[in-house]
Amino acid sequence: MTVHRLSPKILSAMEGAVGQGGIAIDAGDMAKYLGDWSGDHHGGALAVLKPASVAEVQAVVRLCAALGLGIIPQGGNTGLVAGAIDIEARGAVVVSLERLNAVRLVDADNFVLQADAGCVLQAIKNASEAHDCLFPLALGAQGSCQIGGNAASNAGGINVLRYGMARDLILGLEVVLPDGELWSGFSGLRKDNRGYDLKQLFIGSEGTLGIITGVELKLFPKPVRVETAYLGLASFEAAIALFRQARRASADLMSAFEIIGSECIELARLIDADIASPVEAPVHVLIELSASAPVDLRALLVDFLAGAMESGLVTEAVLAESGAQAKAFWAIREGLVEGQAKRGYHVRTDLAVRISDVPTLVDQARRFVTLDHPGWLSQAYGHAGDGNIHFNVLPPAGLAEREARARGTDITAGLYRIAGTLGGSISAEHGIGRTRTRAFWAGLAPTHRRLITALKNALDPQGLMNPGCLLPLTETSS
């Protein structure tokens with residue numbers, strides 16, 4: 001049955017499942033769970049449940065299944081596509097994993113870490129470093145995002161170039177299935193070729209197939225050498241050409257290659273007015289090399305950049321002379337994201353194309369905005385070494401937000417079309433959530449839709465896991 005209002009009996013049962021401190025039903029208590037970091041998305045919930053153990057998660061899922069209540073799994077709520085917020089307020093229960101937050105095991109000999117799904121990413125990185133190891137997933141939200149959410153959304157970040165997406169860093173998962181049963185895929189094995197790799201079904205599934213309660217992660221030797229440079233170039237074409245050369249010249253020691261259009265720098269100054277750009281050029285590049293052995297990275301980087309400057313590919317180059325200076329370089333990249341949010345509503349995209357098509361994507365997107373939406377400001381930056389460009393567009397100052405959002409819908413659709421004509425993706429790392437469901441579904445071939453729907457119906461026949469996220473509700477309703 002479908003319940004639109006929670007009776008005292010049901011509330012009592014929920015409290016019995018998670019304890020008195022594990023349930024919120026008042027608007028004030030639920031507020032932080034019903035809006036995202038960007039401030040763009042807000043929703044509703046019948047209740048927020050906060051289980052403190054895997055057994056409590058199972059109890060919550062069984063109770064909701066019996067009542068026919070939709071379940072919205074939620075991590076740190078730092079996503080940008082409303083994947084953990086019921087923006088339609090259809091009447092679901094938010095299940096926050098914030099109290100399930102322990103690092104369970106660090107096995108430095110085998111380079112393995114196990115953690116609860118609600119463990120904050122930074123805590124996992126700190127625990128790894130305490131054992132002289134590295135967990136390389138690196139995100140701007142790592143101080144508040146949770147590892148379960150990282151797994152459920154297949155998070156990316158600045159180190160994808162060398163270490164891969166979250167999918168590539170996960171050895172195993174523990175998941176509460178839609179019927180409340182627990183599946184554990186923990187083994188600590190790097191190689192295990194026994195049939196279907198079930199964990200891959202849940203990585204990137206955005207909570208639509210079950211609730212991730214535990215994650216088993218790959219660790220790496222902690223770098224002992226890191227070199228960072230901030231470069232100026234004439235164009236995105238030059239930046240991609242530089243990336244090709246750097247990839248071959250760095251002996252696979254390059255851990256990051258970030259491209260920033262110069263138009264983005266002023267946004268970083270909205271967060272810190274003292275931020276100073278190390279270069280004056282149309283395109284900026286942040287490049288980082290790291291090694292876990294005493295390799296002379298500085299000589300490698302200096303020699304490479306000397307050749308790139310001699311050829312005219314790089315016009316300016318500043319090498320970090322200290323960890324503090326390297327941190328200042330990265331503050332520009334991190335600050336521009338916060339600066340956009342501080343400015344208010346803006347079109348936010350997360351596009352992916354083949355690396356060689358990055359300059360074309362940026363050129364066509366800029367031209368589209370200039371010709372079709374004069375006065376709007378293009379912002380191009382991202383992890384271009386893996387083909388991921390965040391092409392965002394800011395409305396003219398003073399434009400009413402309602403009009404801006406209406407125009408923004410058209411701009412987003414246009415940017416998606418451009419990425420599509422280049423054979424690209426509308427979501428490189430942020431996921432689909434609820435804001436991109438229609439565009440995602442419209443772009444799928446019939447066979448692709450059929451396979452996704454078959455998986456969803458097989459694992460979640462009631463359609464209660466994160467309803468409206470990833471799949472349109474019409475595809476999951478019986």
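For this chain, numbers begin at 1 and follow the sequence in order.
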Next item on the list: Of all the heavy-atom pairs spanning L351 and N388, show the shortest one and how long it is.
Entry: O-ND2, 3.0 Å
Note to self: Please determine whether the number of non-hydrogen atoms from other residues, nucleotides or ligands lying under 6.0 Å from atom CZ of R248 exceeds 12.
What the structure shows: no
Notebook entry, point to check: Closest heavy-atom contact between R343 and L267?
Noted result: CD-CD2, 4.2 Å
Check: Is there side-chain contact between Q245 and L313, with heavy atoms separated by less than 4.5 Å?
Finding: yes
Notebook entry, point to check: So does R348 pair up with D350, basic N to acidic O under 4.0 Å?
Noted result: no
Next item on the list: Can you label the angle between the H430 ring and the H390 ring as parallel, tilted or perpendicular, going by 30° and 60°?
Entry: parallel
Item checked: Y163: partners by ring pair (Phe, Tyr, Trp, His ring centres under 6.0 Å), with sequence neighbours left out -> F220
Check: For the residue pair K125 and L137, what are the closest heavy atoms and their distance?
Finding: NZ-O, 2.9 Å
Check: Is there a donor in the side chain of H383 and an acceptor in the side chain of E429, or the other way round, less than 3.5 Å apart?
Finding: yes
Margin query: Does any part of the side chain of E288, heavy atoms only, come nearer than 4.5 Å to the side chain of R162, both counted from C-beta?
Written below: no
Checklist line | Pairing residues for A352 by the side-chain contact (heavy atoms from CB on, under 4.5 Å) criterion, not counting sequence neighbours | finding: S425, A428
Next item on the list: Please name the pair of heavy atoms, one in I265 and one in S277, separated by the smallest distance, quoted to 0.1 Å.
Entry: CG2-CB, 4.2 Å
